[in-house]
Amino acid sequence: MNGSEKEEQPLLSRSAGCVKSKYVLIIHGGAGTMSRKKSTDAQLKAYHDALCVALKAGHEVLKSEGEAMDAAVAAVVALEDNILFNAGKGAVFNTAGKNELEASIMLSKPPASHPYIPSSRRGFGLSLLTHIRNPSRLAQKLYLTPSAAPHVFLSGNNAENIAESLGMTLVDPSYFFSEARWKEHRRGLGLPDMPYPPGKSLGSLDMYPTGTVGAVALDVRGCICAVTSTGGRTNKLVGRIGDTPVMSAGYWAEEWEIKSGWLKKAWNTVTGKENPSKMAVGISGTGDGDYFIRQATASTIARRVQLLGEPIATAAQVAVETLRRDGGIGGVIVLDIEGNIATPLNCEGMYRGLIREDGVAKTAIFEDEALE
């Protein structure tokens, strides 16, 4: 059986072996520059609506007992295809007026529908892509095809050549052109808007976020998957690699065994609480990627949960405040195996959303808005 045949295996149902019946999806669409004072009701509605579309796309997978991996990718693809976000179609330009895209995927354990994937595989990162419409799909495909890419990170032409060999269609770089992002690029360099490169001129919304898009999903089998995608920073140097494809910096997912002492087990029994044998978390970040890399922000959150016993809300808040201390703006979305979420940020806003088993999509933009 070859790699492509393996990828066509049907999704497994809950009976394939999982103790969890709940499923959750959280997403983000970038953080940083949005302003309540400068935004209009129409602009806000456009972003809320776009987040809801992404949440619904992922929920369709989860409610059918599909994989967290497929749900997270579905949500991110919806954001990559929307020009409002800095990923895929809406990617920003570098100093040379080109788009260089990044993406990543990581799972807390191998997907049940692909049992041949070794647990040590963990995830995959991509950078310097210029012809891939949906980098998140390529990250998933390469993660599921170790024979084609045995590494954890690929970039540039060879990554795209492998993508084409696996059946993915490449797009012309003009696909990523938008009038709004071009003006953002040119004005950032102190240059006039004209001339435009070949491409489509589109209307703009003046609320573009810094950073990336991402999704973290928990499926009925207790698997957590984090998927992240970005165009990087406006006017970044050619060849710059951010935190999105760097495992432990901009993304992380992990499962570990819980070793509780007899006293804690006894207390849980007396108080009617479960004695869980495993813990899992998934993280996707957005903001100033250089700071996320310096501080290994995503894996640091997991380590605080594992080694200090902190709830994800505490661990994530500490990590975000540490970014702020050093001058890095941004935020993270975090999900654990029990369905708890955390979405802290240290700036004015972060596009974010949540959907649970009830199918009700909840979205927020500004710092003082709560998802639940």
Side-chain angles (χ1 to χ4, degrees), residues 27-35 39 42-55 57 73-104 126-139 171-188 193 196-215 227-236 240 242-245 250 284-287 289 330-331 349-353 363 365:
I27 64 174
H28 69 75
T33 62
M34 60 287 295
S35 168
S39 60
Q43 290 171 334
L44 295 175
K45 183 178 185 302
Y47 279 97
H48 281 294
D49 289 349
L51 292 170
C52 285
V53 168
L55 289 168
V73 170
V76 169
V77 165
L79 298 173
E80 288 174 333
D81 287 345
N82 193 317
I83 200 169
L84 296 179
F85 302 100
N86 178 17
K89 178 60 179 172
V92 299
F93 291 91
N94 62 20
T95 53
K98 307 295 183 183
N99 310 99
E100 293 180 323
L101 283 66
E102 302 175 334
S104 59
L126 290 162
S127 187
L128 306 181
L129 304 176
T130 58
H131 297 84
I132 302 296
R133 173 173 174 162
N134 296 115
S136 63
R137 288 196 188 279
L138 179 56
V171 298
D172 188 85
S174 63
Y175 167 79
F176 303 105
F177 174 83
S178 69
E179 182 181 11
R181 292 298 193 191
W182 181 255
K183 288 179 178 179
E184 185 181 51
H185 150 64
R186 297 281 290 183
R187 293 173 185 178
D193 295 346
Y196 287 171
K200 211 182 272 189
S201 293
L202 298 171
S204 66
L205 294 180
D206 193 22
M207 290 178 62
Y208 286 125
T210 299
T212 129
V213 306
V227 176
T228 312
S229 181
T230 187
R233 298 181 60 173
T234 299
N235 291 329
K236 61 188 179 181
R240 181 260 188 182
D243 65 308
T244 291
S284 177
T286 174
M350 177 173 73
Y351 300 111
R352 56 202 188 275
T363 60
I365 295 177

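The chain is numbered in sequence order, starting from 1.
- Using a distance-only test at 3.5 Å, with no hydrogens or angles considered, a donor-acceptor pair links the side chain of T212 to the main chain of S229.
- Atoms CZ and CG, on R352 and L51 in that order, are 10.0 Å from each other to the nearest 0.5 Å.
- Contact detail for A54 and A78: the closest heavy-atom pair is CA-CB, 3.8 Å.
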Exercise for the section: Given side chain to side chain contact (heavy atoms under 4.5 Å, CB included), test R137 with V77 step by step and report yes or no. Expected result: CA-CA 8 Å; R137 288 196 188 279; V77 165; 3.7 Å; yes
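- Between S136 and V227, the shortest heavy-atom distance links the atoms CB-CG1, 3.8 Å.
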Problem - Full working for side chain to side chain contact (heavy atoms under 4.5 Å, CB included) between N86 and T230 - result: CA-CA 6 Å; N86 178 17; T230 187; 4.0 Å; yes
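- The nearest pair of heavy atoms linking L44 to S39 is CD2-OG, 3.7 Å.
- For the residue pair S284 / T228, a side-chain donor-acceptor distance below 3.5 Å is found, with atom types taken as modelled.
- One finds the CZ atom of F85 at 12.0 Å from the CD atom of E80 (value rounded to the nearest 0.5 Å).
- For residues 42-51, the set of pairs meeting the salt bridge (charged side-chain N to carboxylate O under 4.0 Å, His left out) definition, not counting sequence neighbours, comprises K45-D49.
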Practice task
Walk me through it: do R133 and D81 pass the test side chain to side chain contact (heavy atoms under 4.5 Å, CB included)?
Solution key: CA-CA 8 Å; R133 173 173 174 162; D81 287 345; 3.5 Å; yes
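- Here the CD1 atom belonging to I27 is positioned 5.0 Å from the CG atom belonging to L79, to the nearest 0.5 angstrom.
- No donor-acceptor distance shorter than 3.5 angstrom exists from the side chain of K236 to the backbone of G242, with no hydrogens or angles considered.
- Nearest heavy-atom pair across G88 and F176 is O-CD2, 3.2 Å.
- Minimum interatomic distance between A75 and A215 (heavy atoms only, all atoms of both residues): CB-CB, 4.1 Å.
- Between the E100 side chain and the N94 main chain, no donor and acceptor come within less than 3.5 Å of each other.
- Between P245 and L126, the shortest heavy-atom distance links the atoms CB-O, 3.2 Å.
- Using cut-offs of 30° and 60° for the angle between ring planes, the Y351 and Y47 rings count as parallel.
- Rounding to the nearest 0.5 angstrom, the gap separating the CG atom in D243 from the CD atom in E102 is 8.0 Å.
- A distance of 12.5 Å separates CG of L128 from CG of N99, quoted to the nearest 0.5 Å.
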Exercise for the section: Go through the steps to decide whether T363 and L55 satisfy the test side chain to side chain contact (heavy atoms under 4.5 Å, CB included), and finish with yes or no. Expected result: CA-CA 9 Å; T363 60; L55 289 168; 4.0 Å; yes
